[in-house]
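Everything below concerns the one structure shown next.
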Amino acid sequence: MTDEKHRQEQEDEEMISQGFQQLLESYLTSKHRRKVEIITKAFNFAKQAHKGVKRRSGEPYIMHPIAVAQIACSEIGLGSTSICAALLHDVVEDTDYTVEDIENLFGPKIAQIVDGLTKISGGIFGDRASAQAENFKKLLLTMNDDIRVILIKIADRLHNMRTLGSMLPNKQYKIAGETLYIYAPLAHRLGLNKIKTELEDLSFKYEHPEEYARIEDMLKESKEEREELFNEFTAPIREKLDKMGIKYRIMARVKSPYSIWNKMQTKHIPFEEIYDILAVRIIFDPKDLEEESNECFGIYVTISKIYRPHPDRLRDWVNHPKSNGYQALHVTLMSNKGQWIEVQIRSERMNDIAEQGFAAHWKYKDGPSHEDEGELEKWLHTIKEILDDPQPDAIDFLDTIKLNLFASEIFIFTPKGEIKTMPQNCTALDFAFSIHTFLGSHCIGAKVNHKLVPLSHKLKSGDQVEILTSKSQRVQPSWINFATTAKAKAKILAILKREQRSMQQKGEDKLQDFLKDAEIEFNDENVHKLCVLHELKSPEELFSSIGFKTITLGEADLNELRIKKTVANNWKKIIPFSFGGNKSDKEKEKSTSRTPASKIDSKKILKLTPEAIQKDFIIADCCKPIPGDDVLGYRDENERIIIHKRQCPIAAKLKTSFGNRILAAQWETGKALDFPVNLYIQGIDAMGILHQVADIVTEQLNVNIRKIFIETTDGLFEGHIQLYVHDVDDVKTIIANLRKIDEMKVVTRVEKFEDRP
């Protein structure tokens with residue numbers, strides 16, 4: 001037994017030594033200064049601190065900090081300070097050492113980064129999910145102190161995702177959901193495109209393993225065909241570039257499994273109908289950095305003589321970089337096989353920035369400031385503004401932040417010709433708030449390209465926008481419906497709340513004066529009577545309505561209060577009966593109909609048997625999962641268990657905000673229960689199409705149609721069918737059979753039945 005233990009220790013020591021050696025080699029081949037001594041010191045300190053501790057996978061714990069440091073160095077391009085902080089990132093949280101100890105041994109900079117990483121280790125990053133919004137705010141605030149904190153946190157999450165297989169299923173769903181909801185968009189916003197893609201794919205792999213494997217298989221099957229297309233398409237391009245004497249390399253970029261699946265879901269199309277799986281990347285070494293932009297366009301002119309370019313698909317990110325620093329020239333060309341192929345033209349410098357984001361800028365900047373960092377500063381400033389006035393609800397707060405993380409950019413011109421970067425689908429109102437809060441809160445309309453438009457008008461890239469204002473204008477509650485940016489939404493809500501509070505106070509003062517004049521006491525009982533009279537839910541609503549003058553106090557109010565005065569005591573007795581009695585009956589009914597979730601072990605996988613579905617669980621109405629769908633359980637505040645699809649938007653928020661309430665679940669229904677499912681159909685109108693659909697569903701497949709709606713317009717039909725099925729296999733069979741109808745062009749499962757498609 002001792003020999004076995006000794007052998008295991010030797011193997012572990014060898015593994016650790018190899019891991020650290022590889023890290024040093026990566027660091028020494030980078031462009032950073034050679035500070036091997038401090039990195040070795042940090043490694044030895046962390047190794048000693050984590051001695052004897054194992055990860056869930058069984059390997060020594062120190063392998064995790066080494067892996068995080070390796071990602072920070074070779075995949076993000078960070079230097080010795082970040083490598084040391086990555087090696088030490090778990091020391092303060094997991095051992096008895098303090099931030100002061102780190103500062104004494106490694107200096108203030110490394111200690112500051114380690115402290116930042118330690119502060120954000122709870123909340124969405126640990127089991128204490130209730131503290132999630134606070135911790136997310138800490139995460140974003142630490143970005144303002146030192147962007148390296150979040151870069152190392154992303155590296156940490158990437159390694160956790162790569163080793164997620166050793167975790168329990170409910171932890172896998174929580175971590176994968178969090179990653180897709182927060183980390184992937186953060187990586188994208190910071191320009192870490194390669195890491196963002198891997199985070200998305202790994203999340204997809206753990207949340208939908210079968211779908212992931214199916215897409216991987218289809219990509220393998222079509223690999224030869226893609227390679228043939230790539231070689232045929234690039235041969236004449238290589239010939240021309242060789243003649244021009246350009247030093248270049250051409251790569252094939254294959255769409256990631258998650259992107260493919262996402263497109264299949266959102267566009268409701270099968271794998272075979274995704275035509276942009278292959279893109280071509282031309283990466284060149286510029287002869288002169290000054291001429292880099294001109295060389296990009298030179299290559300574009302050359303290749304557009306070989307293949308016809310798509311007139312609307314030229315994207316110039318070279319002269320107008322994206323706000324995450326991305327630069328490239330995108331052009332879509334028609335291949336000889338009649339297929340549109342996107343070609344991305346970028347220099348080696350641009351490619352570095354595309355792969356490593358803002359971190360790569362540090363390799364190219366000469367002085368302390370760099371124009372590209374302005375975009376990062378601008379983004380951080382917007383985030384800080386949101387943090388100053390966050391939403392009270394954790395999920396609302398996250399949604400507000402995500403509006404900023406996900407946005408694709410368009411370019412808008414001011415009346416003076418200055419360029420402003422704005423998110424896609426933004427409105428004139430968003431643009432007004434992006435310039436100044438005063439301008440936004442007093443705007444009455446806008447002129448887009450010298451034409452008058454309403455505030456809800458959606459802007460397009462290249463629009464010139466002039467905002468029109470009036471001093472008498474104030475923020476309207478309806479604005480929240482067409483504001484799309486985080487900044488505009490946050491400011492509108494803040495102003496409305498401020499006005500609401502002010503009007504409530506004004507209304508309360510008015511009511512007090514009114515009752516005082518009538519010699520009626522201002523108390524909770526009388527306020528409640530007025531709420532009942534005006535059909536309002538709360539005193540706050542009553543005060544606001546009086547303040548905003550939607551209610552005018554008069555004789556009717558006085559009569560109500562005087563009539564009721566004599567029976568006030570009896571009226572009081574009715575309250576507990578009318579409100580409390582009914583509610584408790586309902587609660588009693590709920591509690592008897594469901595097994596308390598607190599009795600369920602969160603580590604076990606819920607078995608969704610027919611009996612359990614009818615007795616113990618609630619099927620979520622937002623996504624209506626059926627047997628065969630990838631699902632999870634959520635324990636709500638009333639200790640009931642609700643079953644959601646794993647990709648349901650509500651479930652995505654729950655995984656992020658209440659990860660400790662997520663439970664793994666598996667179907668075990670056989671063909672015992674019927675579940676409603678909605679299909680969307682579309683195709684070419686022909687005589688008897690409805691009869692064919694009904695015949696396939698009811699006669700051939702013996703499935704009950706619950707309701708059906710079909711409408712025809714200009715020779716096309718579209719509609720919805722709601723059916724009762726046993727499981728996903730039934731749905732696949734129905735869809736496959738309906739697609740065999742010649743005129744049928746689209747058949748897909750959707751969440752909602754609509755009688756107006």
Judged by atom type as modelled, is there a donor-acceptor pair below 3.5 Å linking the side chain of D695 to the main-chain atoms of H691? no
K255 bridged to E342 by N-O distance under 4.0 Å: no
Between E743 and D685 (side chain of the first, backbone of the second, donor and acceptor by atom type, cut-off under 3.5 Å), is there such a pair? no
Would you tell me whether N678 and H720 have side-chain atoms, one donor and one acceptor, within less than 3.5 Å of each other? no
Heavy-atom distance under 4.5 Å between the side chains of H457 and T427, does that happen here? no
Does a salt bridge link K745 with E273, judged by any charged N lying under 4.0 Å from a carboxylate O? no
Under 3.5 Å donor-acceptor, H310 side chain and D312 backbone: yes
Ring centres under 6.0 Å, that's the criterion: do Y275 and W340 meet it? no
I need the L663 CG to N170 CG distance, nearest 0.5 Å. 6.5 Å
Whether K205 and E216 form a salt bridge (side-chain N of Lys/Arg under 4.0 Å from carboxylate O of Asp/Glu) is what I want to check. no
Side-chain (D674) to main-chain (Y724) donor-acceptor, under 3.5 angstrom: no
Run the salt-bridge test on K487 and D430 with the 4.0 Å N-O cut-off and return the result as yes or no. no
Looking only at side-chain N and O atoms, does T484 offer a donor or acceptor that is under 3.5 Å from a partner on N425? no
Between Q500 and S544: side-chain donor-acceptor atoms closer than 3.5 Å: yes
Contact between P257 and L219 at the side-chain level, heavy atoms closer than 4.5 Å - yes or no? yes
Compare all side-chain heavy atoms of L723 with those of V697 and state whether any distance is below 4.5 angstrom. yes
Give a yes or no on whether N702 atom CG has more than 12 heavy-atom contacts from other residues, nucleotides or ligands under 6.0 Å away. no
Distance alone, cut at 3.5 Å: any donor-acceptor contact between the side chains of E718 and Y680? yes
How about K752: does its NZ atom have over 12 heavy atoms from other parts shown lying under 6.0 Å from it? no
Expected output: side-chain H644 to main-chain C623 donor-acceptor under 3.5 Å: no
Does the side chain of M744 come within less than 4.5 Å of F717's, by heavy atoms? yes
Hey, does E207 have a side-chain heavy atom less than 4.5 Å from the side chain of Q647? no
Spacing of I277 atom CD1 and L229 atom CG [to the nearest 0.5 Å]: 11.0 Å
Say whether, by atom type as modelled, one donor and one acceptor occur between the side chain of Q172 and the main chain of L164 under 3.5 angstrom. yes
Is it true that a side-chain atom of S461 and a backbone atom of F411 form a donor plus acceptor pair closer than 3.5 Å? yes
D730/K671 ion pair, N-O < 4.0 Å: yes
Note: K645-E751 ion pair, threshold 4.0 Å (strictly below): yes
If only side-chain N and O atoms count, and only distance matters, is there a donor-acceptor pair under 3.5 Å linking S478 with N481? no
With the threshold set at 4.0 Å, does a side-chain nitrogen-carboxylate oxygen contact exist between R214 and E210? no
Side chain of D727, backbone of D729: donor and acceptor closer than 3.5 Å? yes
Is there a side-chain contact between K607 and E668 (heavy atoms, below 4.5 Å)? yes
Here's a test for you: under salt bridge (Lys or Arg N to Asp or Glu O under 4.0 Å), which of K624, R646, R749 qualifies with D629? R749
Can you label the angle between the H330 ring and the Y326 ring as parallel, tilted or perpendicular, going by 30° and 60°? perpendicular
Within a radius of less than 6.0 Å around CZ of R308, do more than 12 heavy atoms belonging to other residues, nucleotides or ligands occur? no
Return yes when atom CD of Q339 has more than 12 non-hydrogen atoms of other residues, nucleotides or ligands closer than 6.0 Å, and no otherwise. yes
Is a side-chain donor or acceptor of S538 paired with a backbone partner of E541 at a separation under 3.5 angstrom? yes
